[in-house]
Amino acid sequence: MTTTAPPGTGALPVPAAPPAATPGRLGRFRAGGSGLVFVLPFLLLFVLFLVWPVVQGLWMSFTDSSLALRDTAFVGFDNYAEALGDPDVWSSLGNTVFFTVISSVPLVLVALVMALLVHSGLAGQWAWRLAFFAPYLLPVTVVTLVFTWLYQPDLGFANQFLGALGTDPVGWLSDESVAMWSIAALTVWWTVGFNFLLYLSALQSLPSAFDEAAALDGAGAWRRLWCITLPQLRRTTVLVAMLQVLASLKVFDQIYILTKGGPNASTRPVLEYVYDVGFTGYRLGYASAVSYLFFALIIVVSLVQLRLFRRED
């Protein structure tokens, strides 16, 4: 096909450009396959170390699998029925919920206060940020070792301080009514730095126009905090609360190292009960059933939180 030149110009006809070729199936496959090559290593690791263990554990929960026996028999929902009627499961679940409540609330409020203090322009902000976030970088073994000495009945700093005030010493890790509170205090000191960073980054991204306008209208610092700053931090608070509740429900490390669930199983969470049943009692099938019931509970809590927060929005 050719195009004709305008009359009178004397120009030679110019051939038209050929139509663009559309890629065939082979070309589209090669274009998509190049991305698959990059994703395939991750998919293999994802399936090998996450999907397959989840499927294997779910199947194991329907069997009487045990570390002490080679033969495995299918038992259906017997493990789940036993778990729902096990008082130890319910007591450990109660301990987990109690720890979640007494640790999540201060971890949100304390982090918010710390972020507001730093954002207000305190002198030596780098030192404050380091002091607030540094504990979060410590491994759990170091943190529990430090607090073991602080909670030591005779020579620990906590009881020494109480003695200086003229009060009786406290069994921080040996008293059933105090042990969980002691672990919650350790957890707040150790992990509040992460929530502090989330709040601080949110504060630094807030527009200053609203606060400046309110100040010009005569609003005081507290009024601006309650009516302008905190409402703008609503989404960050939702995020911090959701992450903190899920993290507290999965507590295990610090409790196992400090008290191993004692005294008298008053601090034993669900995950430690799963560990004790599976690796001390050798009942892997029953431990898997308990863990999947707990997993279902976490899913329900997450969905309820999302629904409530969406309604508020």
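We use all heavy atoms of the structure for the numbers below, so side chains are in, but hydrogens, waters and symmetry mates are not.
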message = Ring centroids only, cut at 6.0 angstrom: are Phe133 and Phe194 within range, meaning strictly under it?
response = no
message = With no hydrogens and no angle check, just 3.5 Å: does a side-chain donor-acceptor pair link Thr72 and Thr63?
response = no
inquiry  = I want to know whether Trp172 and Phe147 have ring centres closer than 6.0 Å.
reply    = no
message = Closer than 3.5 angstrom, by distance alone: can the side chain of Asn95 be matched with the main-chain N or O of Pro269 as a donor-acceptor pair?
response = no
request  = Give a yes-or-no answer on whether the side chains of Asp86 and Tyr286 include a donor-acceptor pair shorter than 3.5 Å.
outcome  = yes
ask   = Just checking, any donor-acceptor pair under 3.5 angstrom between side chains of Ser91 and Tyr273?
value = no
query = Within the distance-only criterion (no hydrogens, no angle test), does the side chain of Asn79 pair as donor or acceptor with the backbone N or O of Ser61 below 3.5 angstrom?
reply = yes
key: Ser177 side chain to Asp175 side chain, donor-acceptor N/O pair below 3.5 angstrom   = yes
task = Go through the steps for Asn264 and Glu176 under the test side-chain hydrogen bond (donor to acceptor under 3.5 Å, both in side chains), then give the verdict.
result = CA-CA 8 Å; Asn264 296 326; Glu176 296 182 18; 2.4 Å; yes
key: Between Phe98 and Trp181, ring centroids under 6.0 Å   = yes
request  = For the pair Leu203 and Thr229, evaluate side chain to side chain contact (heavy atoms under 4.5 Å, CB included) and give the outcome as yes or no after the intermediate values.
outcome  = CA-CA 8 Å; Leu203 285 170; Thr229 304; 3.7 Å; yes
request  = Answer yes if the side chains of Gln244 and Asn195 hold a donor-acceptor pair under 3.5 Å, and no otherwise.
outcome  = yes
ask   = Strictly by modelled atom types, are Gln254 and Thr187 linked by a side-chain donor-acceptor pair under 3.5 Å?
value = yes
key: Side-chain heavy atoms of Glu272 within contact of Lys260, under 4.5 Å   = yes
message = Can a side-chain donor-acceptor contact be found between Tyr199 and Thr236 if the only test is distance below 3.5 angstrom?
response = no
query = Linking I/L/V/M/F/W/Y whenever their side-chain heavy atoms sit closer than 4.5 Å, directly or via other members, would Leu162 and Tyr151 fall into one cluster?
reply = yes
Glu212/Arg224 under salt bridge (Lys or Arg N to Asp or Glu O under 4.0 Å): CA gap, chis, key distance, verdict = CA-CA 9 Å; Glu212 293 173 356; Arg224 298 198 305 271; over 6 Å; no
